[in-house]
Amino acid sequence: MGIEDLLADKVAIVAGGGGGGIGAQTSRTLASAGAAVVVVDLEPERAETLREEIEGQGGRALAVTADVRTVEGAESIVEAALAAFGRIDVLVNVAGGMHQHATWRPMAEWDEPSWDGVVSINLRYIFLLARAVIPVMVRQGDGGSIINITSISGVFGAPNHAAYGAAKAGLIHLTKSLCLEYGRQGVRCNAVSPGVVETAAVADALDDARRERMHRDIPLARGGLPDDIANAVLFFASPLSAYVSGQMLLVDGGVSVRFPLGIPGGDASESGG
Ligand SMILES: NC(=O)c1ccc[n+]([C@@H]2O[C@H](COP(=O)([O-])OP(=O)(O)OC[C@H]3O[C@@H](n4cnc5c(N)ncnc54)[C@H](O)[C@@H]3O)[C@@H](O)[C@H]2O)c1
């Protein structure tokens with residue numbers, strides 16, 4: 001089976017799939033593997049642009065404008081996917097982030113709306129969407145795959161963005177809960193945790209000196225690309241990972257494995273890493 005057939009006849013929902021970074025690339029990658037992609041975004045023109053692009057390349061896509069943070073949004077996404085394609089095999093939860101809802105600061109300086117906003121878009125909506133999608137996957141009887149985009153910030157301490165780190169850590173836990181609760185019905189759930197991904201937004205925030213320092217700390221000597229994350233999503237979405245569930249894969253160029261205290265050879269500049 002070629003990569004272009006990995007998801008033949010499958011239907012994938014990508015929440016936040018119209019975004020310029022990981023979301024759009026995930027939509028493209030799943031479509032290029034043969035899936036019909038339901039591109040969900042809060043911004044109608046983003047979802048529509050991706051739909052046109054995928055269909056222009058001979059793929060199948062549907063653009064859905066919805067707010068994934070609401071019960072109505074989650075239900076409308078499932079209804080639209082079933083009306084267009086008749087089934088749902090894959091759910092990828094990409095929408096997330098912090099800067100739309102809060103600025104970096106120590107926890108005592110957070111206000112409740114910022115905290116709730118960050119938790120809503122990084123954790124709570126995945127509960128709503130999974131709750132709407134799982135009964136469909138279970139009813140179909142031939143399995144399903146849910147993939148949550150978390151973050152390296154959910155794995156390590158996350159100063160000045162505690163709500164984001166806590167929500168992403170919660171999402172890693174939710175991933176394990178879904179694995180345990182629905183594995184017997186064929187539904188798998190895994191998480192992909194990016195390190196830094198040099199999307200346009202991240203690139204704008206990095207000056208040359210910071211980028212260089214960051215690349216020096218990363219064993220693979222570069223920031224991640226949306227493609228790197230989308231390829232990991234494709235693995236979890238496809239039968240290549242048929243016996244993998246409840247797992248969290250760090251896609252971070254190896255930065256997370258370094259011993260944190262200074263030891264000879266442990267420093268990136270000493271080891272040339
Ligand atoms: N870029 C990084 O360095 C990095 C690192 C670690 C984790 N992540 C995670 O990767 C994911 C994608 O990040 P990205 O920066 O590539 O974003 P992206 O460019 O993929 O954009 C996400 C999309 O989600 C949409 N969206 C936002 N709120 C929505 C809502 N309520 N309903 C429907 N759609 C909504 C936005 O309109 C946007 O188009 C996030 O979960 C983020 O936390 C990113």
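Position 1 is the first residue of the sequence; numbering continues from there. Side chains included, hydrogens not; waters and symmetry mates left out as well; all remaining heavy atoms used.
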TODO: Verify whether one side chain among S256 and D252 offers a donor that lies under 3.5 Å from an acceptor in the other.
DONE: yes
Task: Between D67 and T70: side-chain donor-acceptor atoms closer than 3.5 Å - done: no
TODO: Give a yes or no on whether N160 atom CG has more than 12 heavy-atom contacts from other residues, nucleotides or ligands under 6.0 Å away.
DONE: yes
Task: CD/E212: more than 12 non-hydrogen atoms of other groups inside 6.0 Å - done: no
- [ ] Find out whether R258 and P219 are in side-chain contact, i.e. whether some heavy atom of one side chain is under 4.5 Å from a heavy atom of the other.
- [x] yes
Open item on the list: I'd like to know if the side chain of S241 reaches the main chain of F236, judged simply by a donor and an acceptor atom lying under 3.5 Å from each other, with no hydrogens or angles considered.
Closed with: yes
TODO: Answer yes when D5 and K10 have at least one side-chain N-carboxylate O distance shorter than 4.0 Å, and no when they do not.
DONE: no
TODO: With rounding to the nearest 0.5 Å, note down the distance linking CG in D142 to CD in Q185.
DONE: 13.0 Å
Task: Basic-acidic side-chain contact under 4.0 Å: R211, D208 - done: yes
Task: D207 and R213 ion-paired at < 4.0 Å - done: no
TODO: Please lay out, stage by stage, how L178 and I146 fare under the test side chain to side chain contact (heavy atoms under 4.5 Å, CB included).
DONE: CA-CA 9 Å; L178 289 182; I146 299 174; 4.3 Å; yes
Task: Side-chain donor/acceptor of E75 to backbone N/O of A132, under 3.5 Å - done: no
Task: Q247-N190 side chain donor-acceptor pair, cut-off 3.5 Å - done: no
Task: Cationic N near anionic O, under 4.0 Å, D41 to R51 - done: no
- [ ] Report the distance from atom OG1 of T65 to atom CD of E45, rounding to the nearest 0.5 Å.
- [x] 8.5 Å
TODO: Tell me, yes or no, whether the heavy-atom count around L180 atom CG, taken from other residues, nucleotides or ligands under 6.0 Å, exceeds 12.
DONE: yes
Task: R28 side chain to T26 side chain, donor-acceptor N/O pair below 3.5 angstrom - done: no
TODO: Using atom types as modelled and distance alone, determine if a side-chain donor or acceptor of N148 lies under 3.5 Å from a backbone N or O of T150.
DONE: no
Task: Pair R60 + E55: basic N to acidic O under 4.0 Å - done: no
